[in-house]
Each structure stands twice: as C-alpha cells, then as structure tokens.
Amino acid sequence: AGKRTGRRNTVTTVSAYGGNAREPLEREGALRKAVRQGALEAWLQPVVSLASGQVTGAEALVRWPRTDGGITPPGEFIPLAEATGLIGDITAFMLERVTDWGARWHRRRHAPITLGVNLSGLDLQGDGVVPLVRRLLAEHRLPGQFLMLEITESRFMQDPHGARDMLEELRALGVRIAIDDFGTGYSSLSYLHRLPLDCLKIDRSFVHQASRVSGRRTLFGAIASLGRGLGLTTVAEGVENLADARLARDLGCDALQGYLVSPPLPAATFAERYLGDTPVAVPAITA
Ligand code: C2E
Ligand code: MG
Ligand code: MG
Ligand code: MG
C-alpha cells in the first residue's frame, strides 16, 4: 500500500502493479501485448456438489504468466484492464476458452459440468456480450445451461436496469447467472427477486472459519437460507477446511469452492484430475 499522501492513489497504483514493469504505462503496454499475443491463461477451480461430493462445475479465473515463471493474479491487472478498455478482450478470451472446453467435455462425459466466467461491470455496459455469447455457444454447439456468468453486486448496481435487460437476454440463451461475492456489496436486497438469477455465491468472508466464529456462522446461515428461499442455487466460496465444508452442507448450501478441494488449476491439470477415467477423490465432505 502507498503512503498517505495527496497522491495516494498514484502511489498505491504503482506499487500494486509491481512485477516486472514498474510504471503504469509500461504495465499497460505489457498487458496489451499479453492480451494480443494470447499470453493470458484461463485456469479452472473445481466446484463440488455437497449432495454428491462430485465436481459439477468449475470457475474460470484469468492468469497472467510472468517472464520469471511466476503468475500475476487478476487483482493486480483487472482494474488496469478495466481502465484501459482491455477488459472486453479478456472477457472474450475467457468465454472463448470456456465454451471450447465446455463443449468438448460435454460431448465426452456422462455427468454435465458447468463452467463459470466472471464478467466485469463494463461488459454489462457495452452491447457486445450477448451477441458474443450467442455466437460462441452456437459455434461450439454448447447448450447455454453449461455456461454460468458471474457478476458482483457492485458491478451490477452501476446500472441495474440496463444490466437486468442484458441478463434477461443471456438467460434467453439458456445461460445461467450468478451473483458473485454476495454480501460484500452495499446495495439493497430488493433487487434480488427482480433479477433473473440462478445462483448466489456466498463471499468467503462469511464462509472462512465460520465453523469457529459464531457471528460469521449466523450471517452465513442467513445468506444461505435467503438464497434457498429465493429458489437460487447457493455456492459457498473460500472453503479451506472440512469443518467449514460440513457447516456449508448443514446450512443447506448446494455446492462449495475453495482450497479444501483445490486452488485454481491450469485447464489441462483440471481435466486430467477431475474429468478423467479415474477422477481424484474430493475430501469426504458428504460423510
Ligand atoms: P472471484 O470471482 O470471487 O474468484 C474467487 C477468488 O477466490 C479467486 O481469486 C480464487 O483463487 C480465490 N479463492 C478460491 N478458493 C479460495 C480459498 O479457499 N481461500 C482463499 N483465500 N481464496 C480462494 P483470483 O483468481 O485471484 O481472482 C480474484 C478476483 O478477480 C475474482 O474473484 C474476480 O472478481 C476477478 N477475476 C478473476 N478472473 C477474472 C476474469 O477472467 N474476468 C474478470 N472480469 N474478473 C476476474
Ligand atoms: Mg467469480
Ligand atoms: Mg467470488
Ligand atoms: Mg472475488
């Protein structure tokens, strides 16, 4: 974090981008180049059903490999991508990867797997996402129900009416919609039943260590029953231990995601581990 000076944002920005390129401009050029050259990667984190203990989906998370072999996490470049207009290209790239893989896996597997892609608020402001999703589903012959689009409350609330229309159009393609990081925004709850939603992803700040911290457990339970009461699928994010996983199950969540099962993985590793003939067992969550 930067020093508390009048130029705090600038200072913070520079240090937050870190990595190889120090200056924001240099950083922007590097990101632009990475996007153009297809150097970004879509990693996948498994989503596990609490009823069956099976991997029923995965969330795609963008990764920027560094020249030194490390990885720059999205928190360090998504804001830059949003500020520079590169986010649209990143969204398109992620949707392309996921519909391609999803279609391939869909044809090969008995049990269906749903793949999630995060949308930026800017994607909801432009008018390119609906035609893009329509084209990709058709090109890959992937039924829309195997694609989940994740939107945070705050992103959605920037333009609730416009966003709602777009979500309706996506829904008409069969695509599912999730509210991401639920509970961390500042918006009113009243939009929840007016939106075409399928899934509520409960933010990890309510989930992590909820089995030990009673205040968190109370909020976690309240959010889970809110979601269920509205007929939404609920996913507990950031589950790192078995006690929290069992709590999620006891609170009526449908699925979980978190380091307990796996961190995000390169797609090939994900497929090898979870979609092969001898899938890796997930921890005994249902026991
Ligand atoms: P998110 O969509 O809520 O994604 C979940 C984040 O939590 C991921 O961080 C994931 O690695 C992390 N996580 C998963 N399980 C655990 C756990 O058990 N413990 C902890 N501490 N963390 C866990 P990541 O990949 O760094 O992504 C951060 C955020 O960046 C995402 O939050 C999402 O808002 C954004 N993001 C990632 N990929 C994309 C993308 O392709 N497009 C857009 N627009 N945003 C993206
Ligand atoms: Mg997400
Ligand atoms: Mg989330
Ligand atoms: Mg998040």
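Counting starts at 1 for both ligands and their atoms, in listed order.
Heavy-atom proximity to Pro264, at under 4.0 Å, picks out these atoms of ligand 1: 11 (O). Remark: ligand 1 atoms within the under-4.0 Å shell around heavy atoms of Asp181 are 3 (O). Close contacts between ligand 1 and Glu240 involve ligand atoms 17 (C), 18 (O), 19 (N), 20 (C), 21 (N) [criterion: under 4.0 Å to a heavy atom]. Atoms of ligand 1 found under 4.0 Å from any heavy atom of Glu59, numbered from 1 in the order shown, are 1 (P), 2 (O), 4 (O). Within ligand 1, the atoms closer than 4.0 Å to a non-hydrogen atom of Asp180 are 1 (P), 2 (O), 3 (O), numbered from 1 in the order shown.
Contact annotation: Lys201 has no heavy atom less than 4.0 Å from any atom of ligand 1. Close to ligand 1: Arg63, with a non-hydrogen atom less than 4.0 angstrom away. Within the structure, the closest approach of Glu82 to ligand 1 does not fall below 4.0 Å when heavy atoms are considered.
Two different hydrophobic clusters hold Met148 and Leu197 under the rule that ILVMFWY side chains link at heavy-atom gaps under 4.5 Å.
A salt bridge is defined here as a Lys NZ or Arg NE, NH1 or NH2 lying under 4.0 Å from an Asp or Glu carboxylate O, and Arg104 with Asp100 meets this definition. Salt-bridge formation is detected for the pair Arg32/Glu28: a Lys NZ or Arg NE/NH1/NH2 atom is positioned less than 4.0 Å from an Asp or Glu carboxylate oxygen.
Judged by a 6.0 Å distance limit and a 45° cone about the ring axis, Arg97 is positioned over the six-membered ring of Trp101.
Here the Mg ion (ligand 2) is the vertex; the OD1 atom in Asn118 and the OE2 atom in Glu59 give an angle of 90° (to 10°).
Applying the ring pair (Phe, Tyr, Trp, His ring centres under 6.0 Å) test to Trp43 and every residue at least two apart in sequence or in another chain returns nothing.
The N, O or S atom of Glu237 lying closest to the Mg ion (ligand 3) is OE2. Looking at Asp180, its N, O or S atom nearest to the Mg ion (ligand 2) turns out to be OD2.
Across the listed options Ser205, Pro74, Ser120, Pro74 owns the non-hydrogen atom lying nearest to atom 35 (C) of ligand 1. Of the candidates Val62, Thr72, Val98, it is Val62 that places a heavy atom closest to atom 40 (C) of ligand 1. With distances taken over non-hydrogen atoms, the option nearest atom 4 (O) of ligand 1 out of Asp203, Leu40, Leu61 is Leu61. Looking at Glu76, Met94, Glu237, Arg97, it is Glu237 that brings a heavy atom closest to atom 5 (C) of ligand 1.
With hydrogens and angles disregarded, no donor-acceptor distance shorter than 3.5 Å links the side chain of Arg176 to the backbone of Asp198.
Under 2.8 Å from the Mg ion (ligand 2) lies no N/O/S atom of Asp181, from backbone or side chain alike. In summary, Glu150 places an N/O/S atom under 2.8 Å from the Mg ion (ligand 2), meeting the contact criterion.
Considering all non-hydrogen atoms of both residues, Asn118 and Glu59 come closest at ND2-OE2, 2.8 Å. Summarising the geometry of Leu147 relative to Val175, their closest heavy-atom pair is O-CG1, 3.5 Å, with the distance given to 0.1 Å.
Geometrically, ligand 1 and Gln257 share no nitrogen or oxygen pair separated by less than 3.5 Å.
Contact of the Asp254 side chain with the Leu50 side chain is not registered, since no non-hydrogen atoms from C-beta on lie closer than 4.5 Å. Residues Leu265 and Gln45 form no side-chain contact, since every pair of their non-hydrogen atoms from C-beta on lies 4.5 Å or further apart. Between Asp203 and Phe182, the closest side-chain pair of non-hydrogen atoms is not below 4.5 Å.
Of the N and O atoms on the side chains of Asp181 and Thr152, not one donor lies less than 3.5 Å from an acceptor on the other residue.
At a heavy-atom distance under 4.0 Å, only side-chain atoms of Gln45, from C-beta outward, approach ligand 1. Of all the heavy atoms of Ile78, the ones lying under 4.0 Å from any atom of ligand 1 belong exclusively to the side chain. Under 4.0 angstrom from ligand 1, the non-hydrogen atoms of Val239 all belong to its backbone.
Ring centroids of Trp105 and Phe270 are separated by less than 6.0 Å, placing the two rings close together.
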